[in-house]
A.B. asks: 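Mind looking over this structure? Questions follow.
None of the values given here were measured: they were computed from a predicted structure.
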Amino acid sequence: MAGDVYERVMDLARRRGFVWPTSEAYGAVAGFIDYGPLGAMMKRRIEDTWRNFFVIREGFYEIECPTIGQEAIYVASGHVKGFTDKMFQCPHCGEFFRADHVVENGGHCEHAAALDEESLARELAEIPCPVCNETIGEVTVFGFSLMFRTSIGPGSQRTGYLRPETAQGIFTDFARLLRFYRDKLPFGVTQIGKSYRNEISPRQGMIRLREFTQAEAEIFVHPDRKEHPDFDRYADYRMPLLGYPAQLAGTGATEMSMAEAVRSGTVANEYVAYYLALTHEFLMRVGISPDRLRFRQHLPDERAHYAEDCWDAECLSDRFGWVETVGIADRTDYDLRAHASHSGEPFTVFIQYPEPIRRTETRVVPRMGALGPRFRGSAKAIAEAIAATDPASIPGDGGFVVTVGGNAIEIGPELYDVREVEVEVQGEEVMPHVIEPSYGIDRILYSILEHSFGEEQLEDGSRTVLHLPPAIAPIQVAVFPLMSRDGMDGLALEIVRELKSSGLMAEYDDSGAIGRRYRRQDEIGTPFAVTVDYDSLEDGTVTLRDRDTMRQVRLPRSRLALTCIELCTGRLRFNDLE
RNA sequence: GCGAUAGUAGUCUAGUGGUAGGACAGGGGCUUCCCAAGCCUCUAACUCGGGUUCGAAUCCCGGCUAUCGCACCA
């Protein structure tokens, strides 16, 4: 068969209804895909497995925010400014360039990224084009935003953006989420949904999409307590880690336990290590092959300046090489701090001390008995101003001036006392740090297809198989009558109904020879096939066939549904039945 | 985005300025059958738009998509 693995996998995906180009009736659009019947089913199963890990097991409730957000959110998050490239087109040769890069390389300016469009255009006028070498001359510099922009409501009064990541919804809901979790750290919140990036030139199939699905968890932790309360679960979990020193030295990944990884400083803290291991377990569960999976630490210049540590789970693709499918970062308090300063809301948690801290402070205490008669209605405001005065700023002779309502008021020593006061501090406001595991569902789904894709030579011919885990396979059980006569078809249909009512996705097929039907199901990854034959009519047994080994066992129909459920949930393996 | 190349049933492919053919897949039947068997039969295509021409799937221009190279990839 022609083509590389990517081509053969995508051909299968199109033909059998996993993924195809969008809106082909009008010509497809690059960077957008449609999930067909089997793909949508498989994607949902991946998402449900993810929910099982993060929502059910970790207890991080899922929320759902709009995909359109008002401009202020993305001004605060830095996307409006940082997610834009200033570009221009050479009027002579038509090439597009990053304006700041050309200006910097032209030697005219050292920090061109800080210049506005007009200044960049002025600088560019004198510079030769890097491609055609003509002096650029008069040119327009425009911002190319990777965010899709839209307007909210009639009259285009309000700018909105399609979210470039799901995370911001969780950050902007922080105060309500904190209350939901009853004001305690740590807590985690998840969201699965579409995000949008207007990529300049998306050309890697499902790998770089303009609309894609993210599954993100934001875990809010105390900045000084990055020991994971459940770290024991993964302390001895071993997996290969490719830290940045190893990348710089050109050595390979080192296998180590998570406890060792934290102890040796390879991974910054227990939280990051915990989610590295959880991610490893998750990816294997959904069908990523462990020998085509690695965890790579970001190099210091690759990492965002605020991130304390950042790792990517990368899946090996035959065509694309190592593809980033999951990012796990300790983002510190960067996001919450940004939203706090832009919104004016606190974005902090009040952490009560185990014991209140008592200390003595020197305070200026107003004498209300003297202030009241003298200042009457203004006395309260003046007393507050006096109390707020720093005792150290009061000159030796005792008099000072406070400003209340724009009026300077002379305060004599008879109006206040300076004395030692005992104060009790119950706790402090803390801005949590954020641990963020962020999963690219589309890339994971593609990687699973590629990793599970097999073309096998058999004694008589060949077969194409997707070795999908049963929990991910779109269809779990196929049911065939050996022949569609003598009541075998009726019995098979009855079995399909029974399996479906047990919650399994079952499919009936009586078309063509039995071998052909097995092949059809192999190709879409259906893990199990049930065949109804003449014996079934006699004694009520059926055969159950395993996709990967092509072996069969015979079992009574009465045990079929439960057996299939146990096989699909992994409580039972097929060779336990043999 | 720029440049090069390409686009024929679901898939692969033949063809060429004058009737678009095959294989596989798919549907219906026959066969009665446990790993793509056989026979009959049916469905189904020239990427889209414009131009040249008596006539265009074929030649020209443009769009779209794909592949490759360049640029881009927070």
A.B. asks: So does Arg545(A) reach the base of C34(B) with its side chain, donor to acceptor, closer than 3.5 Å?
C.D. replies: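 Checked by distance alone, the answer is no.
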A.B. asks: Scan Asp533(A) against the nucleic acid and name what it touches under 4.0 Å (heavy atoms): base, sugar-phosphate only, or nothing.
C.D. replies: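 Base contact - Asp533(A) has a heavy atom under 4.0 Å of at least one base atom.
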A.B. asks: One character per nucleotide, please: for nucleotides 36-42 of chain B, 5' to 3', B when the base has a protein heavy atom closer than 4.0 Å, S when only the sugar-phosphate does, - otherwise.
C.D. replies: BS-----
A.B. asks: Return whichever of Thr543(A) or Gln204(A) has its heavy-atom-nearest nucleotide of RNA chain B closer to the 5' end.
C.D. replies: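 The answer here is Thr543(A).
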A.B. asks: For Arg14(A), report the nucleic acid contact type (base, sugar-phosphate, nothing); a contact means any heavy atom under 4.0 Å.
C.D. replies: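 If one applies the 4.0 Å heavy-atom cut-off, Arg14(A) turns out to touch nothing in the nucleic acid.
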A.B. asks: Going by ring pair (Phe, Tyr, Trp, His ring centres under 6.0 Å), name the pairs with one or both residues in residues 528-561 of chain A, residues two or more places apart or in two chains.
C.D. replies: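 Found none.
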A.B. asks: For atom P, what is the distance between A57(B) and C46(B), given to the nearest Å?
C.D. replies: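 Going atom to atom, P in each nucleotide, I get 10 Å.
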A.B. asks: What's Arg210(A) touching, base or sugar-phosphate or nothing? Going by heavy atoms closer than 4.0 Å.
C.D. replies: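 Arg210(A): no heavy atom of the nucleic acid under 4.0 Å.
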A.B. asks: With C1' as the reference atom in both, quote the distance from G3(B) to A9(B) in angstrom, rounded to an integer.
C.D. replies: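 Result for the C1' pair: 33 Å, nearest Å.
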A.B. asks: Would one find a side-chain N or O of Tyr534(A) under 4.0 angstrom from OP1 or OP2 of C33(B)?
C.D. replies: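 No, no such contact exists.
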A.B. asks: With rounding to the closest Å, how many angstrom separate the P atoms on A4(B) and C61(B)?
C.D. replies: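 My reading of the P atoms in A4(B) and C61(B) gives 11 Å.
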A.B. asks: Looking at C34(B), does its base get a donor-acceptor pair with the side chain of Tyr518(A) below 3.5 Å?
C.D. replies: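 By the distance-only test, yes, there is a pair.
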A.B. asks: Say we look at G18(B) and A56(B): how far apart would their P atoms be, to the nearest angstrom?
C.D. replies: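 Pairwise P distance, G18(B) against A56(B), rounds to 11 Å.
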A.B. asks: Using a heavy-atom cut-off of under 4.0 Å over every strand shown, decide if Tyr6(A) touches base, sugar-phosphate, or nothing.
C.D. replies: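 Touches sugar-phosphate only.
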A.B. asks: Within the 4.0 Å heavy-atom criterion, would you say Gln552(A) contacts the bases, only the backbone, or no part of the nucleic acid?
C.D. replies: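 Since a base atom lies under 4.0 Å of Gln552(A), the category is base.
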A.B. asks: If we take the P atom in both C48(B) and C24(B), what is their distance in whole Å?
C.D. replies: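 Result for the P pair: 27 Å, nearest Å.
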A.B. asks: Taking the P atom in each of U13(B) and U47(B), what is the distance between them to the nearest angstrom?
C.D. replies: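 After rounding to an integer number of Å, I get 14 Å for this pair.
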A.B. asks: Establish, yes or no, whether the cationic atom of Arg545(A) lies under 6.0 Å from the six-membered ring centre of Tyr518(A) and within 45° of the ring axis.
C.D. replies: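 Satisfied, under 6.0 Å and within 45°.
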A.B. asks: Determine, for Trp311(A) and Arg296(A), whether the Lys NZ or Arg CZ falls below 6.0 Å from the six-membered ring centre while staying within 45 degrees of the axis.
C.D. replies: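 Pair Arg296(A)/Trp311(A) does not count as cation-pi.
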A.B. asks: How far, in whole Å, is A14(B) from A23(B) if one measures between their P atoms?
C.D. replies: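 Those two atoms are separated by 15 Å.
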A.B. asks: Roughly how far apart, to the nearest Å, are A44(B) and G26(B) at atom C1'?
C.D. replies: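 Taking atom C1' in both A44(B) and G26(B), they lie 9 Å apart.
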